[in-house]
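All remarks here apply to the structure that follows.
We count residues from 1, following the sequence as given.
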Amino acid sequence: MKSSATYLVISMRSQAAKLKEIMQEKKGNVELTEFNTSSTRTIAVASGKGGVGKSTFTVNFAYNLRQLDKEVLIIDSDIGMANLDIMLGVQPNYDMGHLLRGECSLEEAVIEGPAGIKLLSGITGDDSFIDIQNDAMQKLIALGDQIEENYDYLLIDLGAGAAKSIVNTILAAEELILLLTTEPTSVMDSYSLIKILANHDYNKPIKMVINQTEDEKDAQKTAKRIIKTVKNYLDLDLTLIGSIAHDRKISAALRKQKPYAEIFSNRKAARDFEKLARKITGEEKEQQAKGVKSYFYKMVGFFNKHVK
């Protein structure tokens, strides 16, 4: 009798084989405005399905970046399910929509949470970026300048799945961290998201984190399986950059509205978050970031051509 993991691999390979034929017929033909490189890294945090701890990961990742003296801004782009303000115990008065309409400044829209983590609520509405006119585009570019001047990292916390707005953001961001667990449904949904990205000519390396791990060997096995399938059938580079241990104390941190890594710093999962943040910051000299302006520009124009 075949195991669920065997069926999972067969299913992924079947889907991938069909996509590979499509991809071989496609040619990218995209022209984008060029911006100067920036030291600000724009990272989208995504997951193929809900319930894998993505927002908890984003908060604790940001906390550990702050511990390394990095200035961090999170944009909560989980439309309809935004909860980072609750997790951080803050109450924003403005969102990016207010910024673009000139109703507030960046300093007024950004709210500070624990350990100096900064939060900006995203625009509520699936296609708000696409409908932006020229005057708002100029405001976005100016906003990008301000963020680049003040922050080392822009983290975009996305909703789960592969909705158009999520795919748009991933295509625009300079980097992607994909969060999943070892559960077959999480692996399959993550693969489906990667497949959709590949079908839109995504060609950047994908950083993968296995969350809520009970067994490190199982996490490594899961990672090797999906990495091999993605490389063979989609020709994308998927790299395991770390795993986070399962810990019931994370629920206690949520109730306290504090980052788990701050109040339970001696536990294994907290050390996992620290290790991952150090690994990401260690890439800074190698990273040639295009910056926040490039991200905003592509959010407006690039997606009209790519995601229908």
query: Just how far is it from atom CG of Leu180 to atom CD1 of Ile194, taken to the nearest 0.5 Å?
result: 8.0 Å

message: Donor-acceptor check, side chain of Thr239 to backbone of Ile241, threshold 3.5 angstrom: yes or no?
response: no

task: Report the distance from atom NE2 of His246 to atom OG1 of Thr213, rounding to the nearest 0.5 Å.
output: 9.5 Å

- prompt: Do the side chains of Met96 and Phe296 get nearer than 4.5 Å, heavy atoms only?
  reply: yes

Stepwise side chain to side chain contact (heavy atoms under 4.5 Å, CB included) test for Met208 and Ile226: CA-CA 10 Å; Met208 175 174 58; Ile226 189 171; 3.8 Å; yes

task: Hey, can you tell me if Tyr153 and Phe61 have their rings parallel, tilted or perpendicular (30° and 60° cut-offs)?
output: perpendicular

- request: Look at the side chain of Thr40 and the backbone N and O of Tyr151, then say whether any donor-acceptor pair between them is shorter than 3.5 Å.
  value: yes

statement: The side chain to side chain donor-acceptor pair (under 3.5 Å) partners of Asp237 (sequence neighbours excluded) come to Lys231

Set of residues satisfying side chain to side chain donor-acceptor pair (under 3.5 Å) with respect to Asp145, sequence neighbours excluded: Lys293

- line: CG (Leu179) and OG (Ser186) are apart, to the nearest 0.5 Å, by 7.5 Å

task: Drop me the distance from Ile75's CD1 to Asp95's CG, to the nearest 0.5 angstrom.
output: 11.0 Å

message: Can a donor-acceptor pair be found, under 3.5 Å and without considering hydrogens, that links the side chain of Arg41 to the backbone of Ile280?
response: yes

- request: Might you point out which heavy atoms bring Pro92 and Asp85 nearest each other, and give the distance in Å?
  value: CD-CB, 3.6 Å

message: Can you confirm whether Lys204 is buried at NZ, in the sense that more than 12 heavy atoms of other residues, nucleotides or ligands lie under 6.0 Å from that atom?
response: yes

- request: For residues 83-116, pull every pair meeting ring pair (Phe, Tyr, Trp, His ring centres under 6.0 Å), keeping only residues two or more places apart or in separate chains.
  value: Tyr94-His98

task: Test side chain to side chain contact (heavy atoms under 4.5 Å, CB included) on Ile227 and Lys224 and set out the steps.
output: CA-CA 5 Å; Ile227 286 170; Lys224 286 180 181 178; 5.8 Å; no

message: The criterion is ring-ring contact (aromatic ring centres under 6.0 Å, His included); which residues satisfy it with Tyr202, sequence neighbours excluded?
response: none

field: Heavy-atom check, side chain of Asn83 versus side chain of Ser55, under 4.5 Å
entry: yes

Pairs flagged by salt bridge (charged side-chain N to carboxylate O under 4.0 Å, His left out) wherever residues 47-68 is involved - sequence neighbours left out: Lys54-Asp157, Arg66-Glu71

message: Looking at every non-hydrogen atom in both residues, tell me the closest pair between Ile210 and Ala219 and how far apart they are.
response: CG2-CB, 3.9 Å

field: Spatial distance of atom OG1 (Thr229) from atom CG (Leu236) [nearest 0.5 Å]
entry: 12.5 Å

- prompt: Would a 4.5 Å heavy-atom cut-off, applied to side chains only, mark Leu68 and Asn64 as touching?
  reply: no

message: Among residues at least two apart in sequence or on other chains, which ones pass side chain to side chain contact (heavy atoms under 4.5 Å, CB included) with Ala160?
response: Ser47

Nearest atoms (heavy-atom pairs only) where Leu158 meets Ala44: CD1-CB, 4.0 Å

- prompt: At their closest point, which heavy atom of Lys118 faces which heavy atom of Val110, and how far apart are they?
  reply: CB-CG1, 3.5 Å

field: Salt bridge Glu274-Arg278, side-chain N to carboxylate O under 4.0 Å
entry: yes

task: Indicate yes or no for a side-chain donor-acceptor contact from Asn211 to the backbone of Val52 under 3.5 Å, with no hydrogens or angles considered.
output: yes

Minimum heavy-atom distance between Ile117 and Pro259, given as atom pair plus value: CD1-CG, 4.4 Å

query: Are side-chain heavy atoms of Val209 and Ile177 found at a separation under 4.5 Å?
result: yes

task: May I ask you to decide if Met188's main-chain N or O and Ser192's side chain share a donor-acceptor pair within less than 3.5 Å?
output: yes

query: Going by heavy atoms in the side chains, are Leu106 and Leu143 under 4.5 Å from each other?
result: yes

- prompt: Step by step, would you call Asp215 with Thr182 a side chain to side chain contact (heavy atoms under 4.5 Å, CB included)?
  reply: CA-CA 9 Å; Asp215 183 343; Thr182 58; over 6 Å; no

message: Suppose we screen for side chain to side chain contact (heavy atoms under 4.5 Å, CB included). Which residues come up paired with Ile263, at least two apart in sequence or across chains?
response: Ala253, Lys256, Lys258

message: Any non-hydrogen side-chain atom of Met87 less than 4.5 Å from a side-chain atom of Thr58?
response: no

Qualifying ring pair (Phe, Tyr, Trp, His ring centres under 6.0 Å) pairs, either residue in residues 209-230, two or more places apart: none

field: Which residues share a side chain to side chain contact (heavy atoms under 4.5 Å, CB included) with Glu149, sequence neighbours left out
entry: none

message: With a 6.0 Å cut-off (strictly less than), is the heavy-atom count around CD of Glu214, excluding the residue itself, greater than 12?
response: yes

message: Apply side chain to side chain contact (heavy atoms under 4.5 Å, CB included) to residues Leu99 and Leu120 and explain how you reach the verdict.
response: CA-CA 10 Å; Leu99 268 176; Leu120 172 62; 4.2 Å; yes

message: Which heavy atom of Gln212 sits nearest to which heavy atom of Gly53, and what is that distance?
response: NE2-N, 3.7 Å

message: According to side chain to side chain contact (heavy atoms under 4.5 Å, CB included), who are the partners of Ala269, at least two apart in sequence or on a separate chain?
response: Ile244, Ala245, Asp247, Tyr260

message: With heavy-atom distances below 4.5 Å as the criterion, would you say the side chains of Ile166 and Ile170 are in contact?
response: yes

By side chain to side chain donor-acceptor pair (under 3.5 Å) - contacts of Glu103 (at least two apart): Arg101

message: Using modelled atom types and a 3.5 Å cut-off, is there a donor and acceptor pairing between side-chain atoms of Gln257 and backbone atoms of Ile86?
response: yes

message: Does any part of the side chain of Lys268, heavy atoms only, come nearer than 4.5 Å to the side chain of Asp272, both counted from C-beta?
response: yes

task: Please identify each residue that fulfils side chain to side chain donor-acceptor pair (under 3.5 Å) with Ser243, with sequence neighbours left out.
output: Glu216

query: Roughly how far apart are Ile206 CD1 and Leu240 CG, rounded to 0.5 Å?
result: 13.0 Å

